[in-house]
Number of protein chains: 2
Amino acid sequence: MKNTKDQISDILRSSHLSVTDTRVKILELFMKSSGALEHSDFEKKLAGQAFDRVTIYRTLQAFIDKGIIHKIPTTDTSVQYALCRSECSAEDHHDHHVHFKCEECGNTLCLDDTDIPAIQLPKGYAAHNIEVVVSGVCKHCK
Amino acid sequence: MKNTKDQISDILRSSHLSVTDTRVKILELFMKSSGALEHSDFEKKLAGQAFDRVTIYRTLQAFIDKGIIHKIPTTDTSVQYALCRSECSAEDHHDHHVHFKCEECGNTLCLDDTDIPAIQLPKGYAAHNIEVVVSGVCKHCK
DNA sequence: TATTTATTTGCAACAATGTTGCAAATAAAT
DNA sequence: ATTTATTTGCAACATTGTTGCAAATAAATA
């Protein structure tokens, strides 16, 4: 049974990313978090510690590129990020789960076991990807 | 058969909004457009004409508040807006349709007649609203 | 382990986007 | 036509995201 630091190093190395303090720290925060995180969460959580804003942007983008995290759509200007399940890779994502945004606690969760239903599009439309975001009240807030 | 200007005045008046140049112009652009629009589209389309950036922000917010337009979720920082169907009001929205983003032309469309399927959430979760955004290739680009 | 090479970081500077208060302008009500 | 309420434009500011480049760090090699 490996500790978290080793797990994180493994993830980074298998994605061909150097193991650096910022990347380890950001992955740790993702693993500790129950829900999705956005850029400003990292600025807050890492405040005081010497992590540059720009480095956080670049780290999140690198994680996206490597298929370590994925984005969740929102109706505001924030961008929500969540860890991909272990089966995801840069080439082949299968985040085919529903996202849930709780109106009470504000948290956004991946419902990993809730499948996205098939959708019958009008004639002439080809679907490559389907995003579903449900909002409501989560089980912790009800 | 009413002309567009009269239709627009009616929409504004029935939403208890004064009929002003900016509001009429922005509603016209929505009605002319085949797809969703974002803030920067208005800055571009209205460039040269004397419409303030702040006024555009406030106009879009007012239209949201009154149920004239709705937002469409995205994975970037843009905010997409589209006209609500006539049946929508400030109190009662029924945008229960699927949104489609074409990867070719970049346009985002409301598929007004494509219903959102029921989703079986895990025990303890209550759904209030469901957003579905499909990306792929639209019928004009295929 | 020491050195070289490749990658990553932090900084500065900038661009784009969004917000607020307030006086002037305009629309609606009287 | 005048009063009242609403909306607008401006200025100023806050937040968010981007780029180039030199210094720092990690990985690869000897």
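Since the model is a prediction, treat every value here as computed from it, not as a measurement. Within every chain, numbering begins at 1; the chains are lettered A, B, ... in the order of the sequence lines, protein sequences first and strands thereafter.
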Checklist entry - Do the rings of A:Phe100 and B:Tyr125 sit parallel, tilted or perpendicular, given the 30° and 60° boundaries? => result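 If you compare the ring of A:Phe100 with that of B:Tyr125, the planes turn out perpendicular.
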Item to check | A:Tyr57 and A:His39 aromatic ring geometry - parallel, tilted or perpendicular at 30°/60° bounds | outcome: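 Taking A:Tyr57 first and then A:His39, their aromatic rings lie parallel (interplane angle under 30°).
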Would you kindly give the [atom1]-to-[atom2] distance between [X] and [N], to the nearest whole Å?
{"X": "B:Phe42", "N": "C:dT17", "atom1": "CZ", "atom2": "P", "result": "14 Å"}
{"X": "A:Tyr81", "N": "D:dT16", "atom1": "OH", "atom2": "P", "result": "12 Å"}
{"X": "A:Gln61", "N": "D:dG17", "atom1": "CD", "atom2": "C1'", "result": "11 Å"}
{"X": "B:Glu43", "N": "D:dG9", "atom1": "CD", "atom2": "P", "result": "13 Å"}
{"X": "A:Asp76", "N": "C:dT19", "atom1": "CG", "atom2": "C1'", "result": "15 Å"}
{"X": "B:Phe51", "N": "C:dT26", "atom1": "CZ", "atom2": "C1'", "result": "14 Å"}
{"X": "B:Ile56", "N": "C:dA16", "atom1": "CD1", "atom2": "C1'", "result": "14 Å"}
{"X": "B:Tyr57", "N": "D:dT16", "atom1": "OH", "atom2": "P", "result": "13 Å"}

Checklist entry - Is a side-chain donor or acceptor of A:His70 paired with a backbone partner of A:Ala82 at a separation under 3.5 angstrom? => result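 Present.
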Checklist entry - Taking side chain as C-beta onward, heavy atoms only, is A:Asp21 less than 4.5 Å from A:Arg23? => result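 No - every pair of side-chain heavy atoms lies 4.5 Å or more apart.
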Checklist entry - Which string of ( ) [ ] | and . matches DNA chain D, if you list each base 5' to 3' and count Watson-Crick or G-U pairs only when both distances are under 3.5 Å? => result ||||||||||||||||||||||||||||||
Next on the checklist: Run A:Lys71 and A:Ile64 through side chain to side chain contact (heavy atoms under 4.5 Å, CB included) and show every step you take.
Outcome noted: CA-CA 8 Å; A:Lys71 293 183 179 181; A:Ile64 292 275; 3.6 Å; yes
Item to check | Per A:Thr77 side chain, nearest of listed nucleotides D:dA27, D:dT16, C:dG18 | outcome: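 Output: C:dG18.
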Item to check | Per A:Val79 side chain, nearest of listed nucleotides D:dT18, C:dT17, D:dG17 | outcome: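 Comparing D:dT18, C:dT17, D:dG17 against the side chain of A:Val79, the answer is D:dG17.
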Pull out every protein N or O sitting under 3.5 Å from an N or O of nucleotides 7-9 of chain C, one pair per line with the distance.
residue : atom : partner : partner atom : Å
C:dT7   : O3'  : A:Ser18 : OG           : 3.4
C:dT8   : OP1  : A:Arg23 : NH1          : 2.8
C:dT8   : OP1  : A:Arg23 : NH2          : 3.1
C:dT8   : O5'  : A:Arg23 : NH2          : 3.3
C:dT9   : OP1  : A:Thr20 : OG1          : 2.8

Item to check | Residue from A:Phe30, A:Tyr81, A:Phe63, A:Phe51 passing ring-ring contact (aromatic ring centres under 6.0 Å, His included) with A:Phe42 | outcome: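 Among A:Phe30, A:Tyr81, A:Phe63, A:Phe51, the one that satisfies the ring-ring contact (aromatic ring centres under 6.0 Å, His included) with A:Phe42 is A:Phe30.
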Checklist entry - Which comes earlier along DNA chain D counting from the 5' end, the contact point of A:Ser78 or that of B:Val54, where each point is its nearest nucleotide? => result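 Result of the comparison: B:Val54.
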Item to check | Most 5' of B:His39 and B:Val19 on DNA chain C, judged by nearest nucleotide | outcome: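 Taking each residue's closest nucleotide, the earlier one in sequence belongs to B:His39.
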Item to check | Whichever hydrophobic residues join A:Ile72 through chains of side-chain contacts under 4.5 Å | outcome: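 Direct or chained contacts put A:Ile72 with A:Val133.
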Next on the checklist: Using only modelled atom types and a 3.5 angstrom limit, is any donor from either the side chain of B:Arg53 or the base of D:dG9 paired with an acceptor on the other?
Outcome noted: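 Donor-acceptor pair under 3.5 Å: no.
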Checklist entry - Would A:Glu28 and A:Lys5 satisfy salt bridge (charged side-chain N to carboxylate O under 4.0 Å, His left out), going step by step from the backbone distance to the final call? => result CA-CA 8 Å; A:Glu28 262 180 9; A:Lys5 292 258 182 198; 3.2 Å; yes
Item to check | Interatomic spacing from CG in A:Leu121 to CD1 in A:Ile130 - rounded to 0.5 Å | outcome: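 One gets 7.0 Å once the value is rounded to the nearest 0.5 Å.
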